[in-house]
Every structure is written in structure tokens, then in C-alpha cells.
Amino acid sequence: MNIVAVANQKGGVGKTTCCINLAAELGRSGHSVLLADLDPQGNSTSGLGVDRSALSRSVYDLLLGEASLEEVLIRTPWEGVSLLPATLDLAGAEVELAGAMSRETRLRRGLAGVTAQQDVVLIDCPPSLGLLTLNAFVAASRLLVPIQCEYFALEGVGQLMRTLELVQNYLNADLELAGVVLTMQDQRTRLSREVGDEVRRQFGSVVFETAIPRNVRLSEAPSYGKPIAYYDGTCSGAAAFVELAREVSDRWLRR
Ligand code: ADP
Ligand code: MG
């Protein structure tokens with residue numbers, strides 16, 4: 001089972017950038033990938049070029065049990081990549097589900113049966129450890145944590161690890177910390193290197209060899225609604241995602 005929650009309760013660390021570009025690269029290398037956008041901001045949805053205002057259904061309807069996976073899933077123009085889109089409705093889901101039956105298992109139920117058609121599901125989590133992220137942790141078997149190479153990079157990671165442990169103990173024993181990816185790395189600065197070293201000391205071999213460099217093309221691509229490979233396949237950001245996808249595929253998707 002390859003359902004991967006991409007999470008870090010810190011905002012702006014590169015979760016969405018990883019989801020979009022990892023999905024696109026895995027798709028380009030022949031895998032079928034489903035990206036589930038679980039962030040009410042919907043940046044994965046718009047970053048894949050999908051017009052959110054034109055959507056009649058979203059992952060919100062799936063969580064509420066009001067639509068099936070097939071009804072919510074849309075194909076994207078990008079090879080091998082399908083999407084469970086997010087609309088603004090999702091912002092209300094935390095509150096609406098708060099008192100609902102089996103509120104933590106809604107996504108798991110919604111995704112049941114998905115593995116027959118998809119090699120991997122990536123879940124783009126919101127920047128909090130609330131009910132939406134909890135749903136991702138219950139649905140997933142792997143946790144992928146992007147960590148930005150900056151001051152206070154590890155701040156909050158302890159809390160994330162405690163949440164992981166609680167989920168493992170009470171809700172989903174199958175969930176494992178399966179990857180850490182360093183993002184927005186600037187090889188020229190000492191700080192960036194030091195953060196990288198510190199993260200590797202703390203997490204060891206779970207950290208991917210490939211770090212994502214800070215690259216302006218990666219920040220431009222979403223406004224064109226394109227993954228980096230289709231926006232500028234020659235930049236350093238694109239090359240890094242090719243490498244990261246290769247590592248992910250070797251580690252998780254070997255058939
Ligand atoms: P998150 O989903 O964790 O909030 P994002 O992936 O949306 O983080 O990234 C936050 C911002 O930083 C976005 O504007 C994004 O385009 C930009 N960004 C992310 N990764 C990089 C990178 N490697 N180089 C340059 N800009 C980046
Ligand atoms: Mg995001």
C-alpha cells in the first residue's frame with residue numbers, strides 16, 4: 001500500500017511543491033499517481049492547472065461521504081497524474097466533522113479500493129495537525145516530511161513526531177516515517193548546510209539523498225498551473241525532482 005501523507009504543520013516548507021512535482025515526475029516515469037489535495041488553500045489543485053471555481057465536487061464531498069472516489073477524481077493534463085481536488089468548502093470540514101462518527105477515518109474510507117488503480121497516492125496536508133491531517137495519517141502507510149533548510153527548521157518536528165506516535169498507538173499502526181526531504185536548500189550558505197547536517201544526524205537514512213535546491217523557477221511554475229518538468233525541464237529544481245522521484249520509486253515502488 002503506497003499511500004503517502006506529505007506533512008509538516010509548519011506552513012511554507014515545500015509540502016505542496018513536493019506533492020505537485022513528485023506526482024508529475026512519478027507519472028512521467030510510468031507510475032499512476034493520485035494527488036489528494038487536503039489543504040483548503042488548494043495550492044496543489046491550482047498548481048496542477050485545475051480551475052477550482054469550476055469544480056462541482058471536491059475531496060470535501062468525499063470526506064463527508066456525499067460523493068464516491070470516482071465522482072471526485074479528475075484527470076490532469078500531466079502524464080499519469082490524477083487529482084482529488086480541494087475547494088474552499090474544505091475549510092469548513094474540520095468543524096463539520098468534529099462531532100461526526102468516525103471522523104478520523106473518513107479519508108481512509110474514501111480511498112478504499114484506490115490501490116487497485118493507482119501505484120501511489122500522495123496526500124498534500126494543510127499546515128496544522130488538525131482533523132484533516134489526522135485523516136491523512138489514518139489513511140496513509142507512509143509519512144513524508146519536507147523540512148526547509150532555515151533557522152528553526154526542526155522547531156515543531158518534535159510535536160509532529162509525537163503526533164505520529166499517538167497515531168501509531170491508537171489509530172493506525174501501519175503508519176511509518178518513511179522519508180524526510182530537505183527543501184529550499186542553498187548550498188552556498190553555511191546555515192543551509194548546517195541544517196542539512198543536523199537533520200541527517202537526527203533522522204539518519206530516512207532522509208533522502210536528494211535535497212531540493214532553492215530555485216525561483218519552482219516558485220513560478222504554480223502560477224502557470226504546471227509542474228516544473230513541463231514549465232522548465234532544464235532548471236536545477238526540475239533536475240532535483242527527477243532525482244527525488246527516482247529515489248522514491250526505488251525505495252517505495254519497486255515491483
Ligand atoms: P507548503 O505547502 O509547505 O506551505 P509550498 O510548497 O507552498 O509550501 O512552498 C511555499 C512557497 O515557497 C511557495 O511560494 C513555493 O512556490 C515556494 N517554494 C517552495 N519550494 C521552493 C524552492 N525549492 N525554491 C524556491 N521556492 C520554493
Ligand atoms: Mg501547501
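Counting starts at 1 for both ligands and their atoms, in listed order.
Using a distance-only test at 3.5 Å, with no hydrogens or angles considered, no donor-acceptor pair links the side chain of Arg108 to the main chain of Asn135.
Protein N/O/S atoms closer than 2.8 Å to the Mg ion (ligand 2): Thr16 OG1.
Salt bridge status for Glu198 with Arg201: present, with a side-chain N to carboxylate O gap under 4.0 Å.
The contact shell of ligand 1, taken as protein residues with any non-hydrogen atom closer than 4.0 angstrom, comprises Gly11, Gly12, Val13, Gly14, Lys15, Thr16, Thr17, Met184, Ile212, Pro213, Arg214, Asn215, Leu218, Ser219.
When side chains are defined from C-beta on, Glu94 counts as touching Leu132, because their heavy atoms get closer than 4.5 Å. Residues Leu73 and Leu84 form a side-chain contact, since some pair of their non-hydrogen atoms from C-beta on lies under 4.5 Å apart. Contact of the Leu88 side chain with the Arg52 side chain is registered, since non-hydrogen atoms from C-beta on lie closer than 4.5 Å. Residues Thr163 and Thr133 are not in side-chain contact: their nearest non-hydrogen atoms beyond the backbone lie 4.5 Å or more apart.
Note: Tyr231 and Tyr224 have parallel aromatic rings, judged against thresholds of 30 and 60 degrees for the angle between ring planes.
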Under the criterion salt bridge (Lys or Arg N to Asp or Glu O under 4.0 Å), I'd like the reasoning laid out for Glu25 against Arg28: C-alpha separation, chi angles, the key distance, then a yes or no. CA-CA 5 Å; Glu25 266 329 305; Arg28 266 160 41 91; 3.2 Å; yes
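Results of the side chain to side chain donor-acceptor pair (under 3.5 Å) test with Thr45 over Thr87, Thr16, Asp37 single out Asp37 as the only residue that passes.
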